[in-house]
Asks: 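Structure provided below as structure tokens; questions to follow.
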Amino acid sequence: MTGNSGNTANTAAADEGPQGPRHKRDLTRRKVVVAGAGAAVAVGTAGALAAGAFAGEKGGTKPAASASAGAGEACYRLTSETTEGPYYIDADKLRQDITEDKEGIPLTLALKVIDSETCKPVVNAAVDIWHCDALGIYSGYESLSTGGGGGAPTDAPSGTPTGTPTDVPTGAPTGEPPSGGGGGGGGGHEEPTDDERYLRGTWRTDRQGRVTFKTVFPGWYRGRTVHIHTKVHVNGEWTDAGYEGGNTCHTGQFFFDEESVLASAEVEPYSTSTTERTTLTEDTIYDQSGVQGGLLKLKYDKKNIARGVVGSITMAVEPDATHEGTDDAVQPGASTTASAEASASSS
């Protein structure tokens, strides 16, 4: 799965500097390596939890009428396209359980992919998801991610020690963030810096256009609200080696409502984060359109979110379109506002 250029990782990593404990502040060619046959078994429990995730579904926030829509299901308007970000990796993990023993609140992600024109399921599509861990670290880019415990604020003069926390959470990376913090920097996709691939995976949609992943509730880092990245690839071929050819018909992100994020912030290891959190309404990538914009429908015990969360959403896509999510980069020298937006959209 081709890692095309998005926004440079410089801005995303540099924007992850600590601001104190304020989280309560509120394809042409694609190939994946096939995992063992036990991949489907690994999410047996997750699949059971997600079985009723689409019960009573009546379409997106703005249904579009269509005479060809299936009975009982209204057609959806296209799901919002977003930037790919710098941390996309050409997927090499064909699996549903992407956790790899990472700590965090269990999250079952139940996705459904449909054709926006006909509302028919998109069958045998390859769906990628990737996101940071509970402390804001991305696999493959640990030395570039400061997450919840490293790096000085992006507006601090070079070498200024003020603002650097003394209680860095265990496991925070020690590598220096890339230079050029805070700028737009449309330098292209950032190449991975390590071999870690936790919280990344690809799986195929079934006859109903559904696919389920088992992961953990994501954390946050400076400049972005809590989110999960996704890509949908179609018109390719599943082979013994994986998935090849086709086109990327959707690049988007999933978002979490404020109530759930605030609840997660009370649970370890999220509660140890020292990074200022960007709220859903402050985020420059989420378009505030609800389900159409990628807002997940969440189910969990409101008294004990630590027991686990089920998140579900239907993505309406154009199977014949190409949306790589790599056209949003802002070149160096852009205005302050544009640079700030690029900084936020870089992951």
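Numbering starts at 1 and runs along the sequence shown. Quick caveat, the model's predicted, so the values are computed rather than measured.
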Asks: Going through the distances and angles, do T193 and S143 end up as a side chain to side chain donor-acceptor pair (under 3.5 Å)?
Replies: CA-CA 7 Å; T193 60; S143 66; 3.3 Å; yes

Asks: After noting the C-alpha distance and the side-chain angles of Q96 and K214, does the key distance pass the side chain to side chain contact (heavy atoms under 4.5 Å, CB included) rule?
Replies: CA-CA 6 Å; Q96 291 177 277; K214 180 180 179 182; over 6 Å; no

Asks: Assess the residue pair S116 and R77 against the criterion (side chain to side chain donor-acceptor pair (under 3.5 Å)); give the C-alpha distance rounded to whole Å, side-chain angles, the decisive distance to 0.1 Å, and a yes or no.
Replies: CA-CA 6 Å; S116 65; R77 291 192 183 279; over 6 Å; no

Asks: Parallel, tilted or perpendicular: which fits the ring planes of F256 and F217, with parallel below 30° and perpendicular above 60°?
Replies: tilted

Asks: Might you point out which heavy atoms bring L199 and T215 nearest each other, and give the distance in Å?
Replies: CD2-OG1, 3.4 Å

Asks: Stepwise, does the salt bridge (charged side-chain N to carboxylate O under 4.0 Å, His left out) test hold for E258 with R277?
Replies: CA-CA 11 Å; E258 283 296 298; R277 185 178 65 81; 2.9 Å; yes

Asks: Among N247, T202, D128, find the one that has a side-chain hydrogen bond (donor to acceptor under 3.5 Å, both in side chains) with H233.
Replies: D128

Asks: Using the ring of W203 (Phe, Tyr or Trp, six-membered ring only), decide whether R95 places NZ or CZ under 6.0 Å from its centre and within 45 degrees of its axis.
Replies: no

Asks: Under 3.5 Å, side chain of Y286 to main-chain N/O of G290, donor-acceptor pair present?
Replies: yes

Asks: Between V267 and L296, is there a shared hydrophobic cluster once you connect ILVMFWY residues whose side-chain heavy atoms come closer than 4.5 Å?
Replies: yes

Asks: State whether K231 and E84 are salt-bridged, where the test is any N-O pair (Lys NZ or Arg NE/NH1/NH2 against Asp/Glu carboxylate O) under 4.0 Å.
Replies: yes

Asks: Is the shortest side-chain N to carboxylate O distance from D301 to R307 below 4.0 Å?
Replies: yes

